[in-house]
Participant: 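Dropping the structure in here first, questions after.
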Amino acid sequence: MSEIDPRRVAELTEREGERLSEKLPRSIDFEKRASRSLAGGVACSWHALDPHTIYGARGEGSRVWDLDGNEYVDLHCGYGVMVVGHANPKVVEAVRERVGLGTHFAMPVEDTVVVAELLAERFGLPLWRFKNSGSEVTMDACRIMRAATGRDLILKVEGCYHGSSDGLAFSYWADVEQAGPRERPIALPNTAGVLELFGQALRIVPFNDLQAVERVLADEGDRVAGMILEPIMMNSGVILPAPGYLAGLRDLLHRHGAFLAFDEVKTGVTIAAGGATEWSGVQPDLVTLAKAIGGGLPIGAVGGTEEAMRVVVDGTMEGEGTFNGNPLSMAAARAVLTEVLTPDAYARFGELEQVLAGGLRDVVARYGLPATVPSIACRGSVQFRSEPVRDYRDHAGTNAQLAHLAWLFQLNGGVFQPAGDPWTFSVAPTEEDLRRSVENLEAFAAAVTG
Ligand SMILES: Cc1ncc(COP(=O)(O)O)c(C=O)c1O
C-alpha cells in the first residue's frame with residue numbers, strides 16, 4: 001500500500017481548486033447574484049459545492065453542460081435520477097404528449113394504474129401509492145408499519161439516508177464521537193431544527209449486524225413496528241449487505257410480528273428491474289421508490305403486501321397529497337418502465353460496470369491506493385480505506401481529504417459526479433466516456449503517490 005503524504009494532498013487540493021475556479025468564472029459570478037434571493041445560492045443544501053457551486057445549463061444523453069459552457073460526462077445523474085440519460089427522447093415524447101392533454105385533475109389517470117401494475121410486477125408487491133419524493137414515501141412506509149401493528153418503534157440503520165422528514169432525519173453522517181457505541185448507536189438528528197423527541201421513536205442499529213437487531217427485538221420487540229433500511233447502502237458510499245443479512249432481518253422481524261421495509265429510492269429500478277428486492281431474492285413487506293422511476297420528474301412510490309397495505313386500503317391510514325400520482329410524472333414513469341429500462345438496459349449496465357469499476361480497481365491496484373471500489377450495475381464508489389467498508393463507522397473512517405481531491409481531479413478532467421457519494425451512469429454513455437473517469441483517477445493516483 002502506498003504511503004500518502006497529507007501535505008502533498010493539501011497542496012494538490014489547492015492547485016486543483018484553483019484550476020477549477022479558472023473554469024468557472026460565470027458560475028462564480030452568478031453565485032453572488034443567486035445568493036441575494038436564493039438562500040445560500042442553492043435550492044438544496046447539497047447543491048452547494050466546495051470550492052464553488054456549479055450552475056447547470058443543460059444535458060443531453062451522457063453529458064451535462066454548466067453555465068460556463070464546460071462539458072462533463074455525467075456520473076452524478078442528479079443523485080441517480082437520470083438513469084435514462086438526459087433528455088431521453090422516449091421520456092420527452094411521453095411528457096410532451098401529456099402536457100397537451102392537461103397535467104393535473106385530482107383524478108387518477110390510466111397511467112397511474114399502469115405504473116402501479118408495472119411496479120407490482122417488478123417488485124412482487126401487489127399494492128402501490130404515489131407521492132412526489134423519496135422523503136414522503138419513506139415517511140409513509142413508517143406510518144404504514146406503525147398503523148398496521150399499533151406499535152411505535154422503527155429500527156433505522158446508522159448511515160442510511162431516508163430523506164428529510166422529521167421522523168427519519170437521524171443518524172446519517174453522524175459524528176462518531178457523539179454517536180455512542182457501534183453496536184447500539186444513539187439517534188442523532190441530521191440537522192438543527194429536528195427535535196430529539198422524534199428520535200425517541202427510533203432505534204439505531206449498525207448495517208450488516210443481525211445480532212444488534214436481535215438485541216433490540218429481545219429487549220423491546222413488542223414495541224417494534226418494523227425496520228427501514230437501504231438494502232444496499234448508497235448514501236455512505238456503496239456498501240453491500242453480507243450474505244444472509246437481508247434474509248436474516250426479515251426472519252427476525254417477522255418472528256416478532258414486525259415489518260421489513262426496503263428503501264429502494266436509490267437501488268430501485270437501477271441495479272436490476274426489481275431493484276435490490278430482485279437482486280437479493282428477499283421479499284420485503286414494503287418497498288419505497290423515487291428518483292429514477294420518474295425519468296427526471298418528481299415522483300415517489302410505496303408498495304406493499306396486502307397485509308401491510310390493508311390500513312391504506314381501508315382508510316385507517318390516510319395517504320394525502322395534492323400532487324400524488326401527478327399525470328405528468330406518471331406519463332414519464334410509464335415510458336421509463338416500458339421503453340427505456342428494459343432487459344437490454346440492465347445487460348448494458350453489467351457490461352459498462354466492467355469498464356468503469358474494473359478500470360478504477362485496476363488503477364487502485366497498480367498505484368497501491370488505500371481504497372476499495374464496491375460496485376453494482378450502474379452504481380459504485382471509491383471508498384478511501386484499505387479494508388472493505390461494512391458499515392457506517394467504517395465509512396466514517398475513510399479518508400475524506402483524498403476523496404475530495406479525487407473528486408476535484410474528476411471535475412477538472414471533465415467528469416461530473418457527487419462529492420463523496422456513489423457514481424451513477426445512465427443508459428447513454430459510451431465506453432470511451434467511462435474511460436475518462438478511469439484516466440482521471442489515474443492522474444490523481446500518479447499525483448498523490450508521485
Ligand atoms: C435512499 C434514499 N431514500 C430517500 C431519499 C429522499 O428522497 P428525496 O430527496 O426525493 O426526498 C433519498 C435521497 O437521496 C435516498 O437516497
Side-chain angles (χ1 to χ4, degrees), residues 42-48 75-83 123 129-145 154-173 190-191 194 202 204 207 226-241 246 260-272 275-277 279-280 284 286-303 321 323-326 329 332-333 336 376-381 391-392 395 417-424:
V42 288
C44 161
S45 298
W46 292 349
H47 296 175
L75 295 189
H76 194 310
C77 281
Y79 304 113
V81 168
M82 299 311 302
V83 170
F123 289 88
R129 275 286 175 94
F130 295 107
K131 296 223 152 177
N132 304 289
S133 66
S135 299
E136 289 171 274
V137 288
T138 54
M139 181 181 77
D140 269 16
C142 293
R143 282 193 186 164
I144 290 167
M145 294 193 284
I154 298 288
L155 268 69
K156 182 200 172 282
V157 169
E158 193 175 40
C160 279
Y161 178 70
H162 302 294
S164 52
S165 73
D166 280 337
L168 281 168
F170 284 85
S171 299
Y172 170 59
W173 275 351
N190 294 345
T191 169
V194 173
L202 297 174
I204 309 298
F207 193 60
M227 174 166 179
I228 186 163
L229 82 162
E230 293 176 78
I232 300 168
M233 284 179 71
M234 291 197 175
N235 282 289
S236 297
V238 167
I239 311 179
L240 293 161
L246 298 174
L260 174 64
F262 281 176
D263 179 358
E264 295 227 41
V265 164
K266 278 201 163 171
T267 48
V269 294
T270 62
I271 62 155
T277 299
W279 172 82
S280 66
L286 292 155
V287 161
T288 56
L289 300 167
K291 298 194 194 280
I293 56 168
L297 275 82
I299 195 165
V302 54
F323 280 101
N324 290 2
N326 172 252
S329 301
V336 168
I376 179 157
C378 57
R379 310 196 104 131
S381 64
D391 61 15
Y392 170 72
H395 176 71
Q417 65 181 54
D421 231 28
W423 73 70
T424 306

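None of these values were measured; they are calculated from a predicted model. One-based numbering, in listed order, for ligands and for the atoms of each. The first residue in the sequence is number 1, and the count goes up from there.
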Participant: Are Tyr161 and Trp46 an aromatic pair by the rule of ring centers under 6.0 Å?
Facilitator: yes
Participant: Among protein heavy atoms, which lies nearest atom 11 (O) of ligand 1, and at what distance?
Facilitator: Ser135 OG, 2.6 Å
Participant: So, do Leu229 and Leu246 sit near enough that their side-chain heavy atoms are less than 4.5 Å apart?
Facilitator: yes
Participant: Hey, what do you get for CG (Leu168) to SG (Cys160), rounding to the nearest 0.5 Å?
Facilitator: 10.5 Å
Participant: For Tyr79 and Lys266, work out which heavy atoms get closest and say how close.
Facilitator: O-CE, 3.9 Å
Participant: Can you name the atoms of ligand 1, numbered from 1 with element, that are less than 4.0 Å from a heavy atom of Glu230?
Facilitator: 1 (C)
Participant: Looking at Ser133, which atoms of ligand 1 are within less than 4.0 Å of one of its heavy atoms?
Facilitator: 10 (O), 11 (O)
Participant: Looking only at protein heavy atoms, which one is nearest to atom 16 (O) of ligand 1, and what is the separation?
Facilitator: Asn235 ND2, 3.0 Å
Participant: Quick one: nearest non-hydrogen protein atom to atom 3 (N) of ligand 1, plus distance?
Facilitator: Asp263 OD2, 2.6 Å
Participant: Starting from atom 7 (O) of ligand 1, find the nearest protein heavy-atom neighbour and note its residue, name and distance.
Facilitator: Gly134 CA, 3.2 Å
Participant: Search all heavy atoms of Trp173 against all heavy atoms of Asn235 and return the closest pair with its distance.
Facilitator: NE1-O, 4.2 Å
Participant: Using a strict 4.0 Å cut-off to heavy atoms of Tyr161, name the atoms of ligand 1 that fall inside it.
Facilitator: 1 (C), 2 (C), 3 (N), 12 (C), 13 (C), 14 (O), 15 (C)
Participant: Any side-chain heavy atom of His162 within less than 4.5 Å of one from Met139?
Facilitator: no
Participant: Looking at Lys266, which atoms of ligand 1 are within less than 4.0 Å of one of its heavy atoms?
Facilitator: 16 (O)
Participant: What's the shortest heavy-atom distance between Pro241 and Pro231, and which atoms?
Facilitator: CG-O, 3.3 Å
Participant: Considering non-hydrogen atoms of the protein only, which is the closest contact for atom 15 (C) of ligand 1, and what is the distance?
Facilitator: Val265 CG1, 3.7 Å
Participant: Quick check: does any side chain N or O of Ser236 sit under 3.5 Å from a backbone N or O of Gly159, one acting as donor and the other as acceptor?
Facilitator: yes
Participant: In the protein, which heavy atom is nearest to atom 4 (C) of ligand 1, and how far is it?
Facilitator: His162 C, 3.4 Å
Participant: Which protein non-hydrogen atom lies closest to atom 14 (O) of ligand 1, naming both residue and atom, and how far is it?
Facilitator: Lys291 NZ, 2.8 Å
